[in-house]
Amino acid sequence: MREFEVRNAHFDRLFNTPGLMWLGQNTNHFPTHPAVLRAMADCIASEEFHAYAPPAGFEALRRGIVADLGLDAGNASALVTDGAVEALYLACHAFGATGSTFVTTDPGWKWPMHFARAAGATIVEIPIYGPEHDFRLSPARLEAAVDERTRIIYLVDPNNPLGVCYTEAEIRAFTDIARRAGAYFIHDCTYRHFADSHTLAASFYPERTITIYSFSKWLGLAGLRVGALVASPEIIERLAAAPPNNLGSNVLSQRAAMAGLAVKDEWMPEINRRQRRNQAAIHAAAATVPGLAIPVYPSQANFLVVECIDAGITPEALCEAYRASGIMIRQGTYHTPAFGHRFVKVSTTVPEGWADAFCAQLPQMVERARAITEPGPLF
Ligand SMILES: Cc1ncc(COP(=O)(O)O)c(C=O)c1O
C-alpha cells in the first residue's frame, strides 16, 4: 500500500478505537462548555447550515478573534479558515516564492515547511533542541539565518513540541530582523492561550506579521476545523482574493467558536489549572523512572516533551507500548528527524483520569518498550 494510504488508515483506526485516550495531538478533551454545545444544537435545529457562510467568516467572529488577540481593529483584520492549517497553507503559498528562503526552527511544526517547499521556497531550519540553545531560538541565530532571500520567518510560539514561549524582548528582536529583511513574519499562536504570558509580533511589526489563530486547542474544536489568520487589511485583501475555500468556513464550527469566545474568560483559567495539574503529574511520574527527563517544565503549551533516549528505548517503541494499552502519545520524529529519536510528546488537555493512567503505567511501559524492536509505522 502507498504511504499516504497507510497513514490515513492509521488515523482512521485511531479515531475509531473506542475509548482511546488521546494524549498525542494536543487536542482538548475536557468536556465542552454548555454554551458551546447549545450554540451548535441551535445551529443544527434551525438548519441554517443550508446557506454558505460569508467568505471571510461571520463578521462577529472576525471581530471576536481580533479582540481576543487584543489587536487594534483598525489595523488588523481576520480571515476565518478551516483551521489554522488552512491559514498556514494560504500564507505559505502566497509568500513562499521560488528562490526565496523560509526560515524556521527545528523542532517546530512540519506542515508549513511542506507548504512553502511546494511553493518553491528553500527551507532553512535553525536547530534549537538542546540545553546549549536553552531549547529556544535566539535573535543572534535568527539573524545569522536570514538574508535578502528570506520571504518568510515562521515561528511557532509557544513552540510545538517544546512548550517554550518567547519574551517581549525576543519578539521585538525577531520582528526587527524580519523588518530589516523585508520578510513576512508568520507567528503561529495556536498554543498562546496556555502560556502564562504571550507577546504578539503583530504589536511590533503590524505591516508584515501574519498571526495564526486556532480554535482546536484552547476550545477543543479540532474536529470542527475552524481557525483564522489575522494580518493588515492590505495582506487580507491579497489573501482573500484566491483562498482555497472562498465559500466560507463551516457554519456550525463558527457558531461554536463565537460561543467559545463569549465564555473564554470563564473557561480558560480552569482549563489551564487542570492541564497544569496534569503536567505536574507527568513530571512527577517521569522523575521516578531512570533515564526519563522533561527538559522544559512547566510547558507554556498543553503538552510536555518526555525524553526517553537515556532510558535506552526508542520513542516509537514507547508509543507502540502505550497504543496497545489504549493510550496515544506522539513520537518525536513527527516533529523533527534530527532530534526526534530522543523524545515522545504527551498532551495535557485531557481528563485527569487519562493523565493518571499514563503516569501509573509509565514504569511498566518503559519496560515493555525494551522488548519492542519493530514497532509498526507511526505518523
Ligand atoms: C503549531 C501548529 N499550528 C497549527 C496547527 C493546526 O491547527 P488547526 O487544528 O487549527 O488547523 C497545529 C496542530 O497541531 C499546530 O501544532
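As the structure lists them, so they are numbered: ligands from 1, and atoms in each ligand from 1.
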E266: partners by side chain to side chain contact (heavy atoms under 4.5 Å, CB included), with sequence neighbours left out: H33, V263

Joining Ile, Leu, Val, Met, Phe, Trp and Tyr whenever any side-chain heavy atoms lie under 4.5 Å apart, the cluster holding M113 also takes in L79, V85, L88, Y89, L90, F95, F102, W109, W111, F115, I123, I152, Y154, V156, Y184, I186, I210, I212, L229, I235, I236, L239, Y334

Sorted by chain and residue number, the residues having a heavy atom closer than 4.0 Å to an atom of ligand 1 are G83, A84, V85, L88, W109, V156, N160, D188, T190, Y191, S214, S216, K217, R225

Under the side chain to side chain donor-acceptor pair (under 3.5 Å) test, which residues partner T211, sequence neighbours left out? none

I'd like to know if the side chain of S249 pairs up with that of R225 as donor and acceptor (distance under 3.5 Å, no hydrogens or angles considered). no

How about Y213 and H193: are their ring centres within less than 6.0 Å of each other? yes

Does the cation-pi check pass for K345 over F303, that is, NZ or CZ under 6.0 Å from the six-membered ring centre and within 45° of its axis? yes

